[in-house]
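Okay, so here's the structure we're looking at.
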Amino acid sequence: MHIGIIGTGIVGAATAAWLQRDGHSVTFIDPKEAGEACSFGNAGSLSPSAVLPVAMPGMWKRVPKWLLDPDGPLVIRSHYLPTVLPWLMRFLRHANEREVTRIATAMRGLLAPVFDAYTPLLQRANAMSLMRQNGCLYVYSSREAAQKWSWGANLRRSLGVEMQELDAEALFELEPDLRGSFGFGQFAPDNGSTPDPSALVKAIYGQAMKDGADHIRARVTGFRKTGSRVDALCLDDGHEVAVDAVVIAAGAWSGQLTRMLGTKVPLESQRGYHVTVTDPGITLNRNVMAVEQNIMVNPMSMGLRLAGTVELAGLKAAPNYARAESLLTVGRTMFPRMRPDPHTVWMGHRPCMPDSMPVIGRAPKVENAWLGFGHGHVGMCGGATTGRELANLIAGRAAEVDLAPFVPDRFGLLP
């Protein structure tokens with residue numbers, strides 16, 4: 001079959017690579033180059049342990065305080081509040097122990113095979129150096145401080161995630177430059193990261209192109225259908241692309257496209273920021289999640305990246321790079337010996353569903369349209385597995401992951 005893939009982020013690139021392994025021909029449709037949107041600026045985590053949703057038990061109590069802090073972990077632009085309020089209320093309804101346990105269990109199934117799903121793609125692209133499995137650290141100021149997050153850590157363990165507790169000296173033996181701000185850690189040895197998420201996406205995409213894929217640099221504006229099947233994709237340059245099937249993997253822009261196929265999904269952009277310090281003067285060997293600060297720190301090929309925060313402002317508002325600079329301010333307190341300059345800043349659109357789980361499956365009203373988006377904060381973690389499972393579904397094979405929690409119509413009829 002000839003399959004059109006809308007999107008050249010990690011989900012689109014991985015889906016194409018897995019589909020080609022089944023002998024399908026693929027055409028990317030995206031005005032951007034591969035790996036240049038959210039796949040460019042994320043924290044680079046490849047973590048089977050990243051199963052906890054954003055909405056955690058008791059979060060609703062902290063939201064008002066966060067909203068009063070312009071440098072806090074959550075900011076909602078005032079003009080956007082009326083638009084996002086229904087989504088936010090739906091999001092908070094999942095912030096209870098029963099829902100979090102359900103969601104984490106489903107996400108464990110999706111994220112556990114992260115390295116198995118990436119390995120054949122990166123081996124073919126001769127890019128295994130872009131994936132490292134050397135564990136990650138969750139760090140805290142003290143063992144006592146870590147107790148505030150013990151429920152989530154114990155949930156991870158109950159789902160099979162290994163979490164080794166480290167006292168201060170054991171922590172500093174692994175990462176000497178954590179000395180000063182942190183006194184307790186949890187080491188997840190099965191986790192990993194990429195030193196360059198954009199390069200990883202480009203490597204998989206580049207191999208797909210070598211294997212015969214095409215890339216039309218245009219924007220999809222509609223679908224030509226016959227009955228319940230898509231025959232062609234309508235482009236903003238007036239042309240059409242005939243397809244036998246289509247995969248929507250356009251990240252935060254996927255909701256607009258899915259709506260054209262008759263299905264409305266509650267997709268929102270949780271805008272994230274990063275700052276990358278080019279020559280920090282300190283050394284980290286692996287991903288570090290500073291839990292109290294809600295910042296992930298990853299040593300990358302281009303420098304030390306600090307990523308985090310959530311901003312709700314939609315797809316059109318201009319970035320507020322003060323959010324990125326505030327990450328640097330916190331980073332300097334975390335790493336007193338870090339040289340902050342030179343550094344770069346970035347903002348990107350994390351595609352998020354209210355339950356922190358992606359949409360993976362066939363479009364409810366279309367026989368030959370498939371959806372893969374909404375991975376939120378774990379797009380790099382779940383991208384390759386999502387591509388593999390979409391290829392399984394399109395081929396009519398049994399899924400290797402329980403996809404029932406990720407079905408596109410799980411939210412029912414939306415207004």
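Any value given below was found using the heavy atoms of this structure, including those in side chains, with hydrogens, waters and symmetry copies removed.
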query: Just by distance, do the side chain of Ser47 and the backbone of Ser49 share a donor-acceptor pair under 3.5 Å?
result: no

Contact summary for Ser39 and Pro197, nearest pair of heavy atoms: O-CB, 3.4 Å

message: Set out, in order, the CA-CA distance, both residues' side-chain angles and the distance that settles side chain to side chain donor-acceptor pair (under 3.5 Å) for Glu162 and Gln164, then state yes or no.
response: CA-CA 6 Å; Glu162 183 178 357; Gln164 303 170 3; 2.7 Å; yes

query: Partners of Asp237 by side-chain hydrogen bond (donor to acceptor under 3.5 Å, both in side chains), sequence neighbours excluded?
result: His239

- prompt: How long is the span from the CG atom in Leu312 to the CD atom in Glu268, to the nearest 0.5 Å?
  reply: 6.0 Å

query: For Asn42, what residues pass the side-chain hydrogen bond (donor to acceptor under 3.5 Å, both in side chains) criterion, not counting sequence neighbours?
result: none

- prompt: Glu311: what forms a side-chain hydrogen bond (donor to acceptor under 3.5 Å, both in side chains) with it, not counting sequence neighbours?
  reply: Arg77, Arg271, Tyr273

statement: Those residues at least two apart in sequence (or on a different chain) that pass side-chain hydrogen bond (donor to acceptor under 3.5 Å, both in side chains) with Asn126 are none

query: Could you go step by step and tell me if Leu235 and Val220 meet the side-chain contact (heavy atoms from CB on, under 4.5 Å) rule?
result: CA-CA 5 Å; Leu235 308 182; Val220 174; 4.0 Å; yes

query: Which atom names give the shortest non-hydrogen contact between Val161 and Pro48, and what distance separates them?
result: CG2-O, 4.4 Å

task: Compare every heavy atom of Pro195 with every heavy atom of Leu130, then report the nearest pair and how far apart it is.
output: O-CD, 3.5 Å

- line: Tightest non-hydrogen contact, residues Pro299 and Asn287, listed as CD-N, 4.2 Å

message: Quick one: does any side-chain atom of Ser181 pair with a main-chain N or O of Thr333 as donor and acceptor, under 3.5 Å?
response: yes

- prompt: For Asp214, what residues pass the salt bridge (charged side-chain N to carboxylate O under 4.0 Å, His left out) criterion, not counting sequence neighbours?
  reply: none

- request: Tell me, yes or no, whether the heavy-atom count around Met89 atom CE, taken from other residues, nucleotides or ligands under 6.0 Å, exceeds 12.
  value: no

- request: Give the C-alpha distance, both sets of side-chain angles, the deciding distance and a yes or no for side chain to side chain donor-acceptor pair (under 3.5 Å) between His375 and Thr386.
  value: CA-CA 10 Å; His375 293 73; Thr386 298; 2.7 Å; yes

task: Test Leu174 against Phe187 for side-chain contact (heavy atoms from CB on, under 4.5 Å), laying out the working first.
output: CA-CA 10 Å; Leu174 275 181; Phe187 180 56; 4.1 Å; yes

field: Closest non-hydrogen atom pair between Val11 and Gly383, with its separation
entry: CG2-CA, 4.1 Å

query: Can you list every salt bridge (Lys or Arg N to Asp or Glu O under 4.0 Å) pair that touches residues 361-380, not counting sequence neighbours?
result: Arg229-Glu367

query: Taking the six-membered ring for Trp, are Trp253 and His349 parallel (under 30°), tilted (30 to 60°) or perpendicular (over 60°)?
result: perpendicular

query: Where is the tightest heavy-atom contact between Asp177 and Phe335, given as atom of each residue plus distance?
result: O-CD2, 3.6 Å

- prompt: Above 12 or not: heavy atoms from other molecules or residues under 6.0 Å from CZ of Arg219?
  reply: no

field: Electrostatic pair Asp231-Lys225, nearest N-O below 4.0 angstrom
entry: no

- request: Could you tell me whether the side chain of Met131 reaches within less than 4.5 Å of the side chain of Leu46, counting heavy atoms only?
  value: yes

message: Return the CG to OH distance between Leu171 and Tyr140, rounded to the nearest 0.5 Å.
response: 11.5 Å

task: For the pair Arg323 (side chain) and Val310 (backbone), establish whether a donor and an acceptor sit closer than 3.5 Å, ignoring hydrogens and angles.
output: yes

query: Between Asp355 and Arg93, is there a salt bridge with N-O shorter than 4.0 Å?
result: no

message: Determine whether a donor-acceptor pair (N or O, by modelled atom type, separation under 3.5 Å) exists between the side chain of Asn298 and the backbone of Ala43.
response: yes

- line: So the salt bridge (Lys or Arg N to Asp or Glu O under 4.0 Å) pairs with at least one residue in residues 380-403 (sequence neighbours excluded) are Asp22-Arg397, Arg388-Glu400

query: Quick check: does any side chain N or O of Gln133 sit under 3.5 Å from a backbone N or O of Asn191, one acting as donor and the other as acceptor?
result: no

task: Just grab all the salt bridge (Lys or Arg N to Asp or Glu O under 4.0 Å) pairs involving residues 238-261, residues at least two apart or on different chains.
output: Arg224-Glu240

field: salt bridge (charged side-chain N to carboxylate O under 4.0 Å, His left out) partners for Arg157, two or more places apart
entry: Glu165

message: Under a 3.5 Å distance rule, please check whether Thr329 uses its side chain to pair with a backbone N or O of Glu325 as donor and acceptor.
response: yes

- prompt: Restricting to pairs with a member in residues 204-227, which pass ring-ring contact (aromatic ring centres under 6.0 Å, His included), not counting sequence neighbours?
  reply: Phe28-Tyr205, Tyr205-His215

task: Decide if atom CZ of Arg124 counts as having more than 12 heavy atoms of other residues, nucleotides or ligands within a radius under 6.0 Å.
output: no

message: Could you go through Glu33 and Arg217, starting from their C-alpha distance and side-chain angles, then the distance that decides it, and tell me whether this counts as salt bridge (charged side-chain N to carboxylate O under 4.0 Å, His left out)?
response: CA-CA 8 Å; Glu33 295 298 322; Arg217 289 166 176 79; 2.7 Å; yes

- prompt: Which residues satisfy the salt bridge (charged side-chain N to carboxylate O under 4.0 Å, His left out) test with Asp30, sequence neighbours excluded?
  reply: none

- prompt: Asp190: what forms a salt bridge (charged side-chain N to carboxylate O under 4.0 Å, His left out) with it, not counting sequence neighbours?
  reply: none

